[in-house]
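Below is one structure; the comments refer to it alone.
Throughout, residue positions are numbered sequentially from 1 according to the sequence presented.
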Amino acid sequence: MKIDHQIDMKRYALLLAAKDSDYVMKLYGGYFNVFVNAFGDDDDDDEGEKWDLFRVVEGEFPEMEDLHEYSGFVISGSPYDAYGNEFWILKLCFLLQTLDAMEKKVLGICFGHQVLCRALGGKIGKAYSGWDIGLRKVRLARDLTSSFSFLSNCMDDIPPCLSIIECHQDEVWEVPDGAEVIAFSEKTSVEMFGIGEHILGIQGHPEYTKDIVLNLIDRLLNTNFIESGFAEDAKWRLEVAEPDRKSWVKICKSFLKGRY
């Protein structure tokens, strides 16, 4: 995808690692719109911003000479294993290593969180405790929030425990050298990690709305990836509580843009 050059406009790129589901296409016009609706600029300022889509799962990547044009990159979730050796996953790892060397802001979500960890030297694999689907309470390591300016800038009205939508059966086993674990849960020891001010991985899905994950649960059930009892329990947990979506979006925007 060739990018346009426009003065003063911040650019962000979504590295989409999943194909659009029929449901998301029908309701939202694709995952790209889900991410831009969550993390895009909703202010009517003079500078504005632009988001570009690269379907890395289909082999579409930004040109190396264009990387400096972007203020930040977001890696989506995926049904693929982040420790797999498909060519596009290996190419994505090389891209992430390059972005890290450039100290470009990179936000990884679910698969993106895991593949970011892998690319930078951490260890990932199947979750020891199996699938985690539905709502999960995540605890922030408050003693670390002052170490990351994007967190200290937005933590005044964010509680120490936050609910987030989860849908994964893989996890981070060991963070890369120099990384800090920022959040954890009773199910997953690394729910969020950061490196400096330019790398952030989040295991859950701050961009998801409840209807998206409910549809995903049905698809996993219909394809026999999960059992009916497990699916019903995940749906029940989603029915009785709400994710702290505004707080997670605030954290992500503060990271990507230095404001919220």
Side-chain angles (χ1 to χ4, degrees), residues 1-21 24-80 82 86-116 118-120 150 195 197-202 205-209 212 248-260:
M1 178 183 295
K2 185 176 178 57
I3 67 173
D4 300 322
H5 297 270
Q6 186 167 345
I7 297 174
D8 293 333
M9 178 173 283
K10 288 190 175 182
R11 309 186 71 93
Y12 297 91
L14 174 64
L15 307 177
L16 187 60
K19 295 181 180 180
D20 292 313
S21 69
V24 169
M25 278 299 297
K26 181 178 179 181
L27 270 290
Y28 298 93
Y31 283 117
F32 177 73
N33 291 336
V34 173
F35 277 91
V36 175
N37 288 342
F39 304 146
D41 198 347
D42 53 9
D43 296 327
D44 295 326
D45 57 36
D46 293 331
E47 293 185 357
E49 65 182 39
K50 186 176 187 302
W51 285 72
D52 292 330
L53 170 63
F54 297 94
R55 297 182 183 275
V56 293
V57 70
E58 297 176 5
E60 184 179 275
F61 284 78
E63 298 293 336
M64 299 299 285
E65 61 266 26
D66 291 333
L67 298 181
H68 70 281
E69 298 281 351
Y70 290 93
S71 297
F73 297 79
V74 179
I75 321 155
S76 78
S78 177
Y80 288 85
E86 289 85 349
F87 178 74
W88 71 269
I89 295 178
L90 298 179
K91 187 174 180 179
L92 178 59
C93 286
F94 176 75
L95 172 61
L96 298 178
Q97 291 164 359
T98 302
L99 295 175
D100 175 50
M102 295 173 70
E103 295 193 352
K104 285 290 184 180
K105 287 184 179 289
V106 183
L107 170 62
I109 303 296
C110 198
F111 166 92
H113 161 84
Q114 297 158 12
V115 78
L116 189 55
R118 173 192 180 178
L120 301 185
F150 69 89
I195 301 177
E197 296 294 325
H198 69 289
I199 298 292
L200 182 64
I202 299 176
H205 285 274
E207 83 285 6
Y208 270 6
T209 51
I212 292 176
W248 284 107
V249 167
K250 189 174 182 179
I251 290 171
C252 293
K253 281 189 172 184
S254 182
F255 168 74
L256 286 170
K257 307 174 185 186
R259 58 184 174 83
Y260 52 92

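Here Glu69 contributes atom CD and Lys104 contributes atom NZ; the two are 8.5 Å apart, rounded to the nearest 0.5 Å. One finds the CD1 atom of Ile202 at 11.0 Å from the SG atom of Cys110 (value rounded to the nearest 0.5 Å). Here the CD1 atom belonging to Ile75 is positioned 10.0 Å from the CG atom belonging to Leu14, to the nearest 0.5 angstrom. Between the CG atom in Leu67 and the CE atom in Met102 there is a gap of 5.0 Å [rounded to 0.5 Å]. Note that CG of Leu96 is 10.5 Å distant from CZ of Arg118, once rounded to the nearest 0.5 Å. To the nearest 0.5 Å, atoms CD (Glu86) and NZ (Lys91) are separated by 15.0 Å.
The two residues Lys105 and Glu197 make their nearest non-hydrogen contact at NZ-O, 2.8 Å. For the pair Leu116 and Gly108, the tightest heavy-atom approach, listed with the atom from each and the gap, is CD2-N, 4.1 Å. Between Cys93 and Ala119 the shortest heavy-atom distance is O-CB, 3.6 Å. Taking both residues in full, the closest heavy atoms of Ser21 and Val24 are given as OG-N, 3.1 Å, listed atom of the first, atom of the second, then distance.
With sequence neighbours left out, the salt bridge (Lys or Arg N to Asp or Glu O under 4.0 Å) criterion links Asp100 to no other residue. Applying the salt bridge (Lys or Arg N to Asp or Glu O under 4.0 Å) test to Arg55 and every residue at least two apart in sequence or in another chain returns Asp20. For Phe73, the ring pair (Phe, Tyr, Trp, His ring centres under 6.0 Å) criterion is met by Tyr70, not counting sequence neighbours. Residues satisfying the side chain to side chain donor-acceptor pair (under 3.5 Å) test with His113, not counting sequence neighbours, are none. Under the side-chain contact (heavy atoms from CB on, under 4.5 Å) criterion, Ser71 pairs with Lys10, Tyr12, sequence neighbours left out. Applying the ring pair (Phe, Tyr, Trp, His ring centres under 6.0 Å) criterion to Tyr80, with sequence neighbours excluded, gives Trp88.
Residues Leu107 and Cys252 are in side-chain contact: their nearest non-hydrogen atoms beyond the backbone lie under 4.5 Å apart. Looking at Val56 and Ser76, their side chains never come closer than 4.5 Å, going by heavy atoms from C-beta outward.
Partner of Leu15 under the side-chain contact (heavy atoms from CB on, under 4.5 Å) criterion, chosen from Val57, Leu92, Asp52: Leu92.
Looking only at distances, no side-chain donor or acceptor of Ser254 sits under 3.5 Å from a matching main-chain atom of Lys250. Lys253 contributes no side-chain N or O that, together with a main-chain N or O of Trp248, makes up a donor-acceptor pair within less than 3.5 Å. Using a distance-only test at 3.5 Å, with no hydrogens or angles considered, no donor-acceptor pair links the side chain of Lys257 to the main chain of Gly72. Judged by distance alone, with hydrogens and angles left aside, the side-chain atoms of Gln114 form no donor-acceptor pair with the main-chain N or O of Ala82 at under 3.5 Å. For the pair Glu207 (side chain) and Phe35 (backbone), a donor-acceptor distance under 3.5 Å is absent.
Using cut-offs of 30° and 60° for the angle between ring planes, the Phe150 and Phe255 rings count as perpendicular.
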